[in-house]
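Have a look at the structure below, then the notes.
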Amino acid sequence: MAVGKYAMSKATFYDEAKSYWEQISPTVNGMLGGYGSISNIDVKGSINFLKPMLLCEWKERVGSERALDCGAGIGRVTKHTLLPLFQTVDLVEQEQKFLDQAPAFLDEGASKIGKYICCGLQEFVPQAKHYDVIWCQWVLGHLTDKHLVDFFKRCKEGLRDGGVICVKENISKEGYVYDEQDSSVTRSSKELTKIFSKAGLTILKEETQTNFPLEIYTVKMFALR
Ligand SMILES: C[S@@+](CC[C@H](N)C(=O)[O-])C[C@H]1O[C@@H](n2cnc3c(N)ncnc32)[C@H](O)[C@@H]1O
């Protein structure tokens, strides 16, 4: 079996990721593995991807009442991408230390937070028919394929009518690439697409993030339903 696939079958796959994140500082740089400087470009790309779906110009218009930030960390995506576009945002994150830091990091934006949920996505069940957008960024490589399919199926149930799941993740050229530092896998577009399809999700929109440093992975955004 290829290393990446094998890594997900190890009993320690989740524990090793947890140990990694436990020793990371609750800062933007910590969230981005030392690449804090790309946060603004990332946010711009995400807003350009998301905004047209919330406006009339997109044929399948999405509501802007409530979003969920998955693997939210200290709330970097919530603060800069989701709070400017949604009335309320909930955060789900497995590391309590990051959630503890979130209100101070979000500052005034904290008043628009619904819930801070401390839970691994492999176990998390969103409230049914609750969210216009479920945003998953730089976290899905921490789930095994089986858990990711099941997580997406639960997310589908958590969408309001017209809602979408958005995925923004690193993309490998081929197959699975295992990162033993944080115990995650990077999947190719082909592997991710297979998982979307197993979960019964259709890709409504797909874009590649531009202007990131050349030495990092290609990053893609998908809107799914
Ligand atoms: C690379 S950081 C990204 C944080 C945030 N999405 C961002 O873009 O700023 C990954 C985050 O996922 C969290 N995480 C790792 N494994 C997780 C899991 N199984 N369930 C939920 N969160 C997880 C980590 O604690 C960390 O906060």
Side-chain angles (χ1 to χ4, degrees), residues 7-8 10-47 49-50 67-84 89-102 105-106 109 113 115-126 133-152 154-155 158 165-171 177-187 195 209 212 216-217 219-222:
M8 290 187 291
K10 288 197 305 180
T12 53
F13 182 66
Y14 287 99
D15 291 343
E16 285 176 25
K18 191 143 192 11
S19 304
Y20 171 80
W21 287 107
E22 272 166 10
Q23 45 92 35
I24 292 299
S25 65
T27 59
V28 168
N29 223 17
M31 296 299 99
L32 299 183
Y35 276 92
S37 59
I38 67 168
S39 187
N40 287 346
I41 300 169
D42 164 63
V43 167
K44 209 169 161 203
S46 301
I47 289 185
F49 180 76
L50 197 47
L68 173 68
D69 183 358
C70 296
I74 59 171
R76 185 190 66 89
V77 172
T78 292
K79 180 171 182 169
H80 300 294
T81 302
L82 300 175
L83 281 177
V89 180
D90 292 344
L91 284 74
V92 56
E93 159 61 47
Q94 77 170 5
E95 182 54 48
Q96 184 62 51
K97 174 180 72 175
F98 295 153
L99 290 179
D100 290 344
Q101 182 62 25
F105 175 73
L106 295 168
I113 302 302
K115 285 184 272 187
Y116 298 93
I117 306 160
C118 189
C119 187
L121 298 184
Q122 62 279 17
E123 285 153 13
F124 176 66
V125 184
V133 168
I134 297 183
W135 187 272
C136 311
Q137 180 164 358
W138 283 324
V139 64
L140 299 181
H142 284 299
L143 300 195
T144 64
D145 283 0
K146 161 92 177 72
H147 283 161
L148 185 50
V149 170
D150 292 345
F151 167 71
F152 279 144
R154 297 193 297 275
C155 285
I165 299 167
C166 291
V167 167
K168 185 167 188 176
E169 289 291 339
N170 291 346
I171 299 293
V177 179
Y178 177 55
D179 181 340
E180 63 180 20
Q181 192 188 17
D182 68 355
S183 186
S184 68
V185 290
T186 298
R187 299 173 169 95
I195 289 173
Q209 169 73 46
F212 270 177
I216 67 172
Y217 279 111
V219 172
K220 276 189 139 187
M221 293 172 272
F222 300 90

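Hydrogens, waters and symmetry mates are skipped; everything else that's a heavy atom, side chains included, is used. Remember, predicted model here, so these are calculated numbers, not experimental data. Start at 1 and go down the list; that is how both ligands and their atoms are numbered.
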For Gln137, atoms of ligand 1 separated by under 4.0 Å from a heavy atom: 6 (N), 8 (O)

Check Leu106 against Thr78 and note the closest heavy-atom contact, atom names and distance. CD2-CG2, 3.9 Å

Provide, to 0.1 Å, the distance between atom 9 (O) of ligand 1 and the closest protein heavy atom, together with that atom's residue and name. Arg76 NE, 2.7 Å

For Asn170 versus Trp138, what's the shortest heavy-atom pair and its separation? OD1-NE1, 2.8 Å

Salt-bridge present (Asp150, Arg154; N to O < 4.0 Å): no

My understanding is that only residues two or more places apart in sequence, or in another chain, count here; which of them pass salt bridge (charged side-chain N to carboxylate O under 4.0 Å, His left out) with Glu22? Lys18

May I ask you to identify the nearest protein heavy atom to atom 10 (C) of ligand 1, giving residue, atom name and distance to one decimal place in Å? Trp138 O, 3.3 Å

Using a 4.0 Å cutoff against the non-hydrogen atoms of His142, which atoms of ligand 1 qualify? 15 (C), 16 (N)

Looking only at protein heavy atoms, which one is nearest to atom 12 (O) of ligand 1, and how far off is it? Val139 CG2, 3.4 Å

Sorted by chain and residue number, the side-chain hydrogen bond (donor to acceptor under 3.5 Å, both in side chains) partners of Ser25 (sequence neighbours excluded) come out as Thr27

Please write down residue, atom name and distance for the protein heavy atom closest to atom 5 (C) of ligand 1. Gly71 O, 3.3 Å

For the residue pair His147 and Tyr14, categorise the inter-ring angle as parallel (less than 30°), tilted (30 to 60°) or perpendicular (more than 60°). tilted

Classify the contact between Phe124 and ligand 1 as side chain, backbone, both or neither, using a heavy-atom distance cut-off of under 4.0 Å. neither

Do Phe105 and Met31 touch side chain to side chain, with heavy atoms closer than 4.5 Å? no

With a heavy-atom distance limit of 4.0 Å, tell me whether Trp21 approaches ligand 1 through its side chain, its backbone, both, or neither. side chain

Identified side chain to side chain contact (heavy atoms under 4.5 Å, CB included) counterpart of Gln137 within the set Cys166, Cys70, Ser46: Ser46

Test side chain to side chain contact (heavy atoms under 4.5 Å, CB included), reference Leu82, set Leu68, Val89, Ile47, output is Val89

For ligand 1, which atoms have a heavy atom of Gln122 less than 4.0 angstrom away? 18 (C), 19 (N), 20 (N)

For atom 1 (C) of ligand 1, what is the closest protein heavy atom, and at what distance to 0.1 Å? Met31 O, 3.0 Å

Going by the order shown, which atoms of ligand 1 are within less than 4.0 Å of some heavy atom of Gly73? 27 (O)

Parallel, tilted or perpendicular: ring planes of Trp21 versus His142, cut at 30 and 60 degrees: perpendicular

Could you check atom 18 (C) of ligand 1 against the protein and tell me its nearest heavy-atom contact, residue, atom and distance included? Gln94 OE1, 3.5 Å

Quick one: which ligand 1 atoms are inside 4.0 Å of a heavy atom on Val77? 7 (C), 8 (O)

Provide, to 0.1 Å, the distance between atom 20 (N) of ligand 1 and the closest protein heavy atom, together with that atom's residue and name. Leu121 N, 2.9 Å

Protein heavy atom at shortest distance from atom 13 (C) of ligand 1: Glu93 OE1, 3.3 Å

